[in-house]
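Here the structure is laid out as structure tokens; the discussion comes afterwards.
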Amino acid sequence: MAKSRTQFICQSCGNVSSRWSGKCEACGEWNTIVEENNAGGIAGGPQALRSPRKGRIVALTSLAGDIEDAPRIPSGIAELDRATGGGFVRGSAVLVGGDPGIGKSTLLMQAAAALAAKGNRIVYVSGEEAVAQVRLRAQRLGVAAQPVELAAETNVEDILATLGEGKRPDLVILDSIQTLWTDLADSAPGTVTQVRAAAQSVIRYAKSTGAAVVLVGHVTKEGQIAGPRVVEHMVDAVLYFEGEGGHHFRILRAVKNRFGPTDEIGVFEMSDKGLREVSNPSELFLGERHAKAPGAAVFAGMEGTRPVLVEIQALVAPSSLGTPRRAVVGWDQPRLAMVLAVLEAHCGVRFGQHDVYLNVAGGYRISEPAADLAVAAALVSSLTGLALPADCVYFGEVSLSGAIRPVAHAQQRLKEAEKLGFGQAVLPQGSEEPSGSMAGRSFQPGTLTDLVIRIAGSLRGDSGRASDDDVA
Ligand code: TYD
Ligand code: MG
């Protein structure tokens, strides 16, 4: 058999080196290199030692031809199906990542129960919790009566042998990939080598049998799926389950999907009876809004094909520091620096002596440049102490020249705002005019300066309070 070889493998990027060092040469991370004993399997193991076998002849085929139909298994949980692009795909492997305690096991137990109730064969293998713990959760979720088949096991060979018995399962949930280990690799569970080898076996099982497999992966506090970055490349779809501490809502986000869109999200709320679907996220993110206060602007954003309204909050306060503080939660730091620079350079608004804090309400994360205009409005509003009208939404991208550029899906954003009772909008020129109850109540600034003048102009009214009728 192969001689046992000691390797040093970076747990962050998977780089293999022959000796230990404090810093990984490949990815530059510190303290990530771990000694792993590789007696078989994975990197240059038995393949290199075995004598080459004669290959089997594979039948070649054409692009056109019959396709087996409906390879998806929809769960009936609309928010989950939205994120996966219409349900789990047979013969595919999905990685569901997220912080410990965010609710991955809860989500998958609910999905398992929903699918089992529709007559699918579902196997739930827990490597982290004992059977009793899983049962307790199922009871709490009110799904204990569903015919989900359950096991607490961590050895991949045993799991695959079990799955080979009886009718092929429609969906197999393995919770979590970090607890699995295979006889093929010698290192401890959770190391890159084990995780990669285990994932490989399981993915091979999915492809060869046509069962859908869900792997659960924990994310480290650095935001990576611990160890198995490599697994992300091996699976067909990667979903992240995210949420902000202290908030009840959770977002399931597709970051990779070979069979569907990657810009869709599913929104849930964690309750005492498990995860509840949130079909109108805007209401959730705007739920805690108070009456008018300076520094708050509502951004009409898009997540995939769905509009989402969120409140952006800015606090601009005099700084006692030599270098004023800029802190951002839920948005891009460089993007904030850019908006501040444009406001300073083109609009004469000075932030040099001020700390700037920016927060997206509800712990939500925005990745769209279309939020520029809302951010700028919130910043100017906080600096001047002038509250923006409470029933106004903002969207538009700010260019470095100070011009405001149109963004996609203007009509959908406006419709969502109108549905939620907003009466006016600030949007880029060239976008379609709002219709319905917002008609005639929009402001389309050509440059950021126009918006700043508009906000400062509301000072003309009674001492510093913007009237509700003022646009912006
Ligand atoms: P869990 O699914 O175990 O998280 P993960 O698998 O991602 O580590 O969820 C754990 C948290 O969810 C835990 O703090 C308790 C909470 N929870 C509820 O609030 N309500 C519920 O009905 C359940 C089952 C869990
Ligand atoms: Mg769990």
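Counting starts at 1 for both ligands and their atoms, following the listed order.
Listed by atom number, the atoms of ligand 1 under 4.0 Å from G274 heavy atoms are 20 (N), 21 (C), 22 (O). In summary, the atoms of ligand 1 found under 4.0 Å from a heavy atom of P100, numbered by their order in the structure, are 8 (O). Close contacts between ligand 1 and K273 involve ligand atoms 22 (O) [criterion: under 4.0 Å to a heavy atom]. Annotation for ligand 1: atoms under 4.0 Å from non-hydrogen atoms of S271 are 18 (C), 19 (O), 20 (N), 21 (C), 22 (O).
Among the atoms of S176, none of the N, O or S atoms falls under 2.8 Å from the Mg ion (ligand 2).
Within the 4.5 Å cutoff, no side-chain heavy atoms of V393 are placed close to those of V426. Here the side chains of V202 and L215 are in contact, with some heavy-atom distance below 4.5 Å.
Heavy atoms of L107 found under 4.0 angstrom from ligand 1: none, in either backbone or side chain.
For atom 3 (O) of ligand 1, the choice among M270, H218, R137 with the nearest heavy atom turns out to be R137. Compare R250, R140, Q139, H248 by their heavy atoms: the one nearest to atom 23 (C) of ligand 1 is in R140.
Looking at ligand 1, you won't find any N or O of L141 less than 3.5 Å from one of its N or O atoms. In terms of polar-atom proximity, S105 is counted as a contact of ligand 1, with an N or O under 3.5 Å from an N or O of the ligand.
In terms of protein heavy atoms, atom 4 (O) of ligand 1 is closest to G103 N, 3.1 Å. In terms of protein heavy atoms, atom 2 (O) of ligand 1 is closest to T106 OG1, 2.6 Å.
Atom 21 (C) of ligand 1 is flagged as protein-proximal [any protein heavy atom, distance under 4.0 Å].
The backbone N or O of R204 sits less than 3.5 Å from a side-chain atom of S208, completing a donor-acceptor pair.
For E277, the CD atom sits in a packed shell: over 12 heavy atoms of surrounding residues, nucleotides or ligands are nearer than 6.0 Å. Summarising the local packing, CZ of R325 is surrounded by 12 or fewer heavy atoms from other residues, nucleotides or ligands at distances under 6.0 Å.
At least one cation-pi condition fails for R253 and Y240: the charged atom is not both under 6.0 angstrom from the six-membered ring centre and inside a 45 degree cone around its axis.
With values rounded to the nearest 0.5 angstrom, R413 atom CZ is found 5.5 Å from F299 atom CZ.
Salt bridge annotation for K419-E416: present, with a cationic side-chain nitrogen under 4.0 angstrom from a carboxylate oxygen.
Ligand 1 has G101 within reach: a non-hydrogen atom of the residue lies less than 4.0 Å from it.
Partner of V339 under the side-chain contact (heavy atoms from CB on, under 4.5 Å) criterion, chosen from L373, L358, D372, D332: D372.
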